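Comments concern the structure below.
Along the sequence shown, residues are numbered consecutively beginning with 1. Small disclaimer: the values here were computed from a predicted structure and weren't measured.
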Amino acid sequence: MSSSVKETFKDVAVETRPAPAPPVPAALAAKVRTLAPTMTRSMQRVAETVASDPAGCAALTVTGLAERTGTSEATVVRTSRLLGYPGYRDLRLALAALAAQQAAGGAPAVTADIAVDDSLVDVVAKLAQEEQQCLADTATALDVTQLEAAVAALAGARRIDVYGIGASNLVGQDLVQKLLRIGLIAHAHADPHLAVTNAVQMRTGDVAIAITHSGRTTDVIEPLRVAFDHGATTIAITGRPDGDIASYADHILTTSTARESELRPAAMSSRTSQLLVVDCLFIGVAQRTYETAAPALSASYEALAHRHSPRNNQR
């Protein structure tokens, strides 16, 4: 598929694509944690206030919330839209539902930031809670329709390229080694130059996956753009579905993250949610290709079995 044809198709798809549904109430806190670092200070105050006190905020008018947070009505409305709601009225409905969940004991706990003087016992407890929350938030917000489409593309792919930098590259390598074990042709690229030169060879029937929490990593966006222009099906695993990466992604899988702090960079929690999405992709592909995947997995286990035998059983 030529670049011009795919760009034309993409333009049509964007024009006819329905607006995304507002996040479910349980995903509101996750959206705040993910988007807060990119918000203005006034919008952060609004977002953090509604996430910390949904019951109280659900009872407030837009004017009341603006007064409580020391902001303006326009800021409240802009924050509502950035969080995924068409307007403040829709956000209030979500806050009321979230408050009901909290009253029933089903609301997620909020974990305090890790402090420099925390004991290791506290560090373990806080990290475990944040990892659990991150996984739960990602599972809640993950678009299963997009996931199914991505799985279908991978299951029938002639070739799969995965792009990621830093911690995201580690996630990409994890996906690639899983796909290789079920007989698929897959490559993980950390070098941005090598990624682009390989993306030039992508064609219709191939799949390119970009992993970037910010959605703005140029070294990941560029090879995905090249693969997209050459007709490959493109998938983005990102915490910012509205980021630059979305312009070149046929399918977007959204991840969540814990709030970034001095001792817990975003890369730590984003990696956890990215690994969940990667595992979902792998299991979905293995299910669709079970007749070939199962024998391939068995063969890989057998090939490595002697390396895991007790030393006295080895020759």
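L147 CG to I237 CD1: the interatomic distance, rounded to the nearest 0.5 Å, is 9.5 Å. For the atom pair OG1 (T233) and CZ (R203), the distance works out to 14.0 Å, reported to the nearest 0.5 Å. The OH atom of Y88 sits 10.5 Å away from the CG atom of L93 when rounded to the nearest 0.5 Å. The CG atom of D174 sits 11.0 Å away from the CZ atom of R271 when rounded to the nearest 0.5 Å. The distance from the CD1 atom of I252 to the CD1 atom of I235 is 11.0 Å, given to the nearest 0.5 Å. The NE2 atom of H187 sits 7.5 Å away from the CG atom of N198 when rounded to the nearest 0.5 Å.
Take D279 and apply the salt bridge (charged side-chain N to carboxylate O under 4.0 Å, His left out) test, not counting sequence neighbours, and it matches K178. Qualifying side chain to side chain donor-acceptor pair (under 3.5 Å) partners for Q173, counting only residues two or more places apart in sequence or in other chains: N169. Take D143 and apply the side chain to side chain donor-acceptor pair (under 3.5 Å) test, not counting sequence neighbours, and it matches no residue. With sequence neighbours left out, Q44 forms a side chain to side chain donor-acceptor pair (under 3.5 Å) with no residue at all. Shown here are the salt bridge (charged side-chain N to carboxylate O under 4.0 Å, His left out) partners of D244, two or more places apart in sequence or in another chain: there are none. Residues that satisfy the salt bridge (charged side-chain N to carboxylate O under 4.0 Å, His left out) test with D242, not counting sequence neighbours, are R240.
In terms of heavy-atom proximity, A236 sits nearest to I245 at CB-CG1, 3.9 Å. Closest approach of A195 and H189 over heavy atoms only: CB-CB, 3.8 Å. When every heavy atom of P223 is checked against every heavy atom of A199, the shortest pair comes out as O-CB, 3.4 Å. P86 and R81 get closest at one heavy-atom pair: O-NE, 3.3 Å. Listed here is the closest heavy atom pair of G239 and P241: O-CD, 3.5 Å. Closest heavy-atom contact between S80 and L91: OG-CD2, 3.3 Å.
When L281, I209, T238 are each tested for a side-chain contact (heavy atoms from CB on, under 4.5 Å) with L253, only one passes: L281.
With no hydrogens or angles considered, no side-chain donor-acceptor pair links Q274 and T255 at under 3.5 Å.
Listed for the T272 side chain is no donor-acceptor partner under 3.5 Å among the backbone atoms of E131. S273 places a side-chain N or O within 3.5 Å of a backbone atom of S256 that can act as its donor or acceptor partner.
In this structure, L194 shares a hydrophobic cluster with no other residue, the cluster being traced through Ile, Leu, Val, Met, Phe, Trp and Tyr side chains under 4.5 angstrom apart. The hydrophobic cluster around V200 extends to V196, V226, counting ILVMFWY residues whose side-chain heavy atoms fall within less than 4.5 Å of a member. Counting side-chain heavy-atom gaps under 4.5 Å among Ile, Leu, Val, Met, Phe, Trp and Tyr, the cluster of L135 also holds L276.
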side-chain contact (heavy atoms from CB on, under 4.5 Å) assessment of L83 paired with M39: CA-CA 10 Å; L83 291 174; M39 294 179 176; 3.8 Å; yes

From CA spacing to verdict: side-chain contact (heavy atoms from CB on, under 4.5 Å), F228, D250: CA-CA 8 Å; F228 178 90; D250 294 312; 3.6 Å; yes

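Hydrophobic clustering keeps V220 apart from L275 (ILVMFWY residues linked when any side-chain heavy atoms are closer than 4.5 Å, directly or through intermediates). In the hydrophobic clustering of this structure, I211 does not group with M202; members are Ile, Leu, Val, Met, Phe, Trp, Tyr whose side-chain heavy atoms approach within less than 4.5 Å, directly or through other members. Residues L175 and V277 are members of one and the same hydrophobic cluster, defined by side-chain heavy-atom contacts under 4.5 angstrom among Ile, Leu, Val, Met, Phe, Trp and Tyr. At a threshold of 4.5 Å between side-chain heavy atoms, the hydrophobic network of Ile, Leu, Val, Met, Phe, Trp and Tyr places Y248 and V162 in two separate groups. Neither L180 nor I185 shares a network with the other; the hydrophobic side chains, linked directly or stepwise wherever heavy atoms of I, L, V, M, F, W or Y lie under 4.5 Å apart, form separate groups for each.
Judged as a side-chain hydrogen bond (donor to acceptor under 3.5 Å, both in side chains), the pairs with a partner in residues 63-77 (not counting sequence neighbours) are, in order, D53-R68, T63-E73, T69-T71, S72-T75, T75-R78. The salt bridge (charged side-chain N to carboxylate O under 4.0 Å, His left out) pairs that include a residue from residues 152-164 are R158-D206, R159-D161, where partners are two or more places apart or lie in different chains. Applying the side-chain hydrogen bond (donor to acceptor under 3.5 Å, both in side chains) test to residues at least two apart or on different chains, the pairs with a partner in residues 289-304 are R181-S300.
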